[in-house]
Number of protein chains: 2
Amino acid sequence: MEDMHVAVQQDDIEQKEKLRLWVRLLRASRMIEAELRNRFAVEFNTTLPRFDVMAALDRFPDGMLMSDLSRYLLVSNGNVTGIIERLVQEGFVSRAKREGDKRTSIVSLTAEGCALFAQMADAHERWVSAYLNAMSLDEARTLSGMLESFRSNWEDHSPE
Amino acid sequence: MEDMHVAVQQDDIEQKEKLRLWVRLLRASRMIEAELRNRFAVEFNTTLPRFDVMAALDRFPDGMLMSDLSRYLLVSNGNVTGIIERLVQEGFVSRAKREGDKRTSIVSLTAEGCALFAQMADAHERWVSAYLNAMSLDEARTLSGMLESFRSNWEDHSPE
DNA sequence: GATAAAATATTTAAGCATGAAATAGTGGAG
DNA sequence: CTCCACTATTTCATGCTTAAATATTTTATC
């Protein structure tokens, strides 16, 4: 009986500690995101979602399907449509119809988009590294490792 | 000369490691957020931003000004207006005009809102803790501590 | 080959989010 | 009292985001 109380209390402590972790993770993420949003707006007149899309396309030079993009970026299908729409209009992304399949179109960066992304990626890396300058390299590696192992264990409770 | 190369290379390694950390942090945050959004929609027919607002109001039972809310939640002024609007219509939040100052209105949870929030907060804690179940209590504490020290050092590069 | 099932992409409606401008109220200096 | 600066809130334009509905094409099954 006594043991049960102790066990339950332990569970509760663990639950609360993990809730606190989540709150702090979210807060850190929001702070950095807000700062980046601001920088991207000021320096490149663009947004974070646009940068994310261009980063994905830069990583896959042969192009991606719309559904590849949304899966890779963890955003919804319809979301990508609008972002790509604007990027195409501004000449940074091109859509190519594919021979065999009339549903799909392969999107990729144009030469202009590629050049712009190189600049943005460089600035992005410098900004992020500056935001994290109070953290040592070792700490960064530890944190990074823990987050990666979290990600690789994620499927356990994720549905589907 | 040789030393300089080594130093520069070290800086670059550090920059890239911190970029990787940011990418993983963001990814973890997005995965959990997506899962929570889904849960809140299914179980409570509500959204994360609404939960955040109600959590703030629960924390300040005497009520908050609209500007208090937006400052506390790190969101824009106009944003809060719409969310409160809907919560008021559904009877979870009440607005009271203040005697002395006709500009301000004090918003607070109604009894209904309070009761609903208690349920949601409980579920929220259980969900989050389940998402992090692959992580030990010690790991959670370590990670949490690192994120907290990051937050407390944030002001260094944040403007204003 | 016909039909059903799955995959791909877009559109729609509602809500979230921002920054800027508009509106309205307060309070002090002259 | 009047003007001016400040505060609080809302409104607006734009863009992000989702889920659900729709349309189209491809693939599988018989």
Side-chain angles (χ1 to χ4, degrees), chain A residues 26 29-31 33-42 44-54 63-90 93 95-107 159-160, chain B residues 26 29-31 33-54 56 63-90 93 95-107 159-160:
Chain A
L26 184 58
S29 166
R30 292 245 168 109
M31 289 189 308
E33 259 189 292
E35 197 67 26
L36 282 178
R37 182 192 314 119
N38 197 33
R39 292 286 212 132
F40 270 120
V42 170
F44 292 103
N45 188 35
T46 193
T47 65
L48 216 48
R50 286 164 59 110
F51 175 74
D52 289 342
V53 165
M54 291 179 75
M64 301 174 85
L65 302 184
M66 298 294 276
S67 41
D68 288 342
L69 259 174
S70 61
R71 211 171 312 127
Y72 181 75
L73 297 174
L74 302 178
V75 298
S76 70
N77 227 334
N79 185 5
V80 174
T81 301
I83 296 173
I84 287 288
E85 194 72 28
R86 287 178 278 273
L87 286 172
V88 167
Q89 276 192 334
E90 294 170 39
V93 167
R95 269 165 161 142
K97 280 290 172 204
R98 202 160 50 160
E99 270 312 294
D101 195 329
K102 277 170 192 153
R103 292 167 303 177
T104 65
S105 58
I106 296 191
V107 292
E160 297 154 272
Chain B
L26 183 60
S29 166
R30 292 245 169 110
M31 289 189 309
E33 257 191 292
E35 197 67 25
L36 281 178
R37 181 189 314 118
N38 195 34
R39 290 286 212 133
F40 270 120
V42 170
E43 312 269 347
F44 292 103
N45 189 34
T46 192
T47 65
L48 263 169
R50 287 165 58 113
F51 176 73
D52 290 342
V53 165
M54 292 180 75
M64 302 174 85
L65 302 184
M66 296 296 277
S67 41
D68 288 343
L69 258 175
S70 61
R71 210 171 310 122
Y72 181 75
L73 296 174
L74 303 178
V75 299
S76 71
N77 230 332
N79 184 4
V80 174
T81 300
I83 296 173
I84 288 289
E85 192 74 27
R86 286 176 279 274
L87 287 172
V88 167
Q89 278 193 334
E90 295 170 39
V93 166
R95 269 162 160 143
K97 277 293 170 202
R98 200 160 52 160
E99 270 312 295
D101 194 330
K102 278 169 191 154
R103 294 168 300 178
T104 64
S105 60
I106 296 189
V107 292
E160 300 152 87

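In what follows, chains carry the letters A, B, and so on, assigned in the order in which the sequence lines appear, proteins first and then strands, with residues in each chain numbered from 1. Since this is a predicted model, take the numbers as computed values, not measurements.
- When the side-chain nitrogen and oxygen atoms of A:Ser76 are compared with OP1 and OP2 of D:dT17, none of them lie within a distance under 4.0 Å.
- Phosphate contact (OP1/OP2 of D:dT18, side-chain N/O of A:Asn79, threshold under 4.0 Å): present.
- Contact annotation: A:Thr47 side-chain N/O to D:dC16 OP1/OP2 distance is under 4.0 Å.
- Taking 4.5 Å as the limit, some side-chain heavy atom of B:Val80 sits within range of a side-chain heavy atom of B:Val75.
- Within 4.0 Å (heavy atoms only), B:Leu48 reaches no atom of the nucleic acid at all.
- Distance from the side chain of A:Arg86 is smallest to D:dG15 among C:dT10, D:dA8, D:dG15.
- The listed nucleotides are D:dA8, C:dT18, D:dA19; the one nearest the side chain of B:Asn38 is D:dA19.
- Of the side-chain N and O atoms in B:Arg103, none sit less than 4.0 angstrom from OP1 or OP2 of D:dC6.
- Both B:Leu65 and A:Val80 lie near DNA chain D, and the one whose nearest nucleotide falls closer to the 5' end is B:Leu65.
- Computed from coordinates, the A:Leu87 CG to D:dC16 P distance equals 8 Å when rounded to whole Å.
- Annotation: of the two residues near DNA chain C, A:Arg37 and A:Thr104, the 5′-most nearest-nucleotide partner is A:Thr104.
- If you check every strand for non-hydrogen atoms under 4.0 Å, B:Gly82 touches nothing.
- The side chain of A:Lys102 has D:dT26 as its nearest neighbour among D:dT26, C:dG25, C:dA9.
- Side-chain atoms of A:Pro49 lie closest to D:dC16 of the nucleotides D:dT18, D:dC16, C:dT26.
- A straight line from CZ of B:Arg98 to C1' of D:dT7 spans 11 Å, rounded to a whole angstrom.
- With D:dT9, C:dA9, C:dT18 as the choices, the nucleotide that has an atom nearest any side-chain atom of B:Val75 turns out to be C:dT18.
- Separating the CD1 atom of B:Ile106 from the C1' atom of D:dT9 is a distance of 14 Å, rounded to the nearest angstrom.
- Minimum heavy-atom separation, A:Ser76 to A:Ser70: O-CB, 3.7 Å.
- The closest side-chain heavy-atom distance from A:Glu33 to A:Leu36 is not below 4.5 Å.
- A close approach under 4.0 Å does occur between a side-chain nitrogen or oxygen of B:Ser67 and OP1 or OP2 of D:dT9.
- Rounded to whole Å, the distance from CZ on B:Phe40 to P on D:dT18 is 17 Å.
- A pairwise comparison of heavy atoms in B:Arg30 and A:Leu74 identifies CB-CD1, 4.3 Å as the closest pair.
- Heavy atoms of B:Leu74 sit under 4.0 angstrom from primed sugar atoms or phosphate atoms, though from no base atom.
- Whole-Å rounding puts the B:Asp52 CG to C:dA17 C1' distance at 13 Å.
- Dashed line: the shortest gap from a side-chain N or O of A:Ser105 to OP1 or OP2 of C:dT8 is not under 4.0 Å.
- The heavy-atom pair separating B:Lys97 from B:Arg103 by the smallest distance is NZ-O, 4.1 Å.
- Side-chain nitrogen and oxygen atoms of B:Arg95 include at least one within less than 4.0 Å of the OP1 or OP2 phosphate oxygen of D:dT10.
- Atoms CZ (A:Arg71) and P (C:dT8) sit 6 Å apart, rounded to a whole Å.
- For B:Ile106 against B:Gly63, the heavy-atom pair with the smallest separation is CG2-CA, 3.8 Å.
- Look at CD1 on A:Ile84: it is 16 Å from P on C:dT8, rounded to the nearest Å.
- The CG-C1' distance, from A:Asn77 to D:dA21, rounds to 13 Å in whole Å.
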